[in-house]
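Below is one structure, written out as structure tokens; the observations come after it.
Ligands are counted one by one from 1 in listed order, and the atoms in each one are counted from 1 as well.
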Amino acid sequence: MADCIFCKVRNGEMDSHILFRDDRCFVIRDINPTAPTHLLIIPNQHIVSLAYIGPGQEPLIGHMFAVAEELARREGIALTGFRLVMNQGPDAGQSVSHLHMHLLGGNTLRDLG
Ligand code: AMP
Ligand code: ZN
């Protein structure tokens, strides 16, 4: 997708530091962090959102959780706690139309309830 920010990051067309990369996804720091650790786990493939996950892509979602756990350990927050969030569509405030998972932690996060 030519005009997708996260595709541009993946292609090295943006000045962003990639913390982790494998054959399925990559991880960057959120440009506008809302917690001391705020990372984005992003699939290499341009998938718009969870609503566009196709048959056979469930393992990719599982892999994103495993990568999030690995990055949480590297950030030193695996045991203190963290939150994984995937915003889906306008009501959830999804602002980038390329599937991504937020990893948030490093302090006490606000109660969702
Ligand atoms: P969402 O609102 O769930 O779609 O989250 C998109 C996130 O991407 C927001 O938290 C933005 O701050 C973040 N973001 C947008 N552009 C960039 C960028 N170039 N590098 C890092 N994070 C970005
Ligand atoms: Zn994209």
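Residue Leu40 touches ligand 1 through its side chain alone, judged by heavy-atom distances below 4.0 Å. With a 4.0 Å heavy-atom cut-off, ligand 1 is reached by no atom of Val85.
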Practice prompt. Please assess Val96 against Leu40 for the test side-chain contact (heavy atoms from CB on, under 4.5 Å), listing each intermediate value before the final yes or no.
Written response: CA-CA 11 Å; Val96 178; Leu40 300 171; over 6 Å; no
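A distance of 13.0 Å separates CZ in Arg29 from CD1 in Ile18, rounded to the nearest 0.5 Å.
Both Leu103 and Val67 belong to a single network of hydrophobic side chains, linked directly or stepwise wherever heavy atoms of I, L, V, M, F, W or Y lie under 4.5 Å apart.
Other residues, nucleotides and ligands place no more than 12 heavy atoms under 6.0 Å from the CG atom of Asp91. Heavy-atom contacts from other residues, nucleotides or ligands closer than 6.0 Å to OH of Tyr52 number 12 or fewer.
The Ile28 neighbourhood of ligand 1 comprises atoms 20 (N), 21 (C), with distances under 4.0 Å to a heavy atom of that residue. Here is the list of ligand 1 atoms found below 4.0 Å of a heavy atom in Phe6: 8 (O). Close approach of ligand 1 to His102 (heavy-atom distance below 4.0 Å) involves ligand atoms 1 (P), 3 (O), 5 (O), 7 (C), 10 (O). Every atom of ligand 1 is numbered from 1 in the order shown, and the set under 4.0 Å from a heavy atom of Asn32 is 12 (O). Annotation for ligand 1: atoms under 4.0 Å from non-hydrogen atoms of Ser95 are 1 (P), 2 (O), 4 (O), 5 (O), 6 (C).
Residue Arg29 places a heavy atom under 4.0 Å from ligand 1.
The backbone N or O of Ala35 sits nowhere less than 3.5 Å from a side-chain atom of Asn107 that would complete a donor-acceptor pair. Side chain of Gln94 to main chain of Val48: a donor-acceptor pair is present (N/O by atom type, distance under 3.5 Å, no hydrogens or angles). Side chain of Glu58 to backbone of Gly56: a donor-acceptor contact under 3.5 angstrom is found.
Remark: ligand 1 and Met14 share no N or O pair separated by less than 3.5 Å (distance only, no angle test). The N/O atoms of Gln94, backbone and side chain alike, include none that comes under 3.5 Å of an N/O atom in ligand 1. The shortest N/O to N/O separation between His100 and ligand 1 falls below 3.5 Å. Between Gly93 and ligand 1, at least one pair of N/O atoms sits closer than 3.5 Å.
In this pair, His46 and His98 present their aromatic rings perpendicular. The plane angle is above 60°, beyond the 30 to 60° band.
For atom 7 (C) of ligand 1, the choice among Asp30, Thr34, Asn87 with the nearest heavy atom turns out to be Asp30.
Ile5 CG2, 4.0 Å is the protein heavy atom nearest to atom 16 (N) of ligand 1. Protein heavy atom closest to atom 17 (C) of ligand 1, with residue, atom name and distance, is Ile31 CG2, 3.8 Å.
Remark: at the Zn ion (ligand 2), atom ND1 from His98 and atom ND1 from His46 enclose 100°, rounded to the nearest 10 degrees.
Residue Ala68 comes nearest to Ile41 through the heavy atom pair CB-CD1, 3.8 Å, listed as atom of the first residue, atom of the second, then distance.
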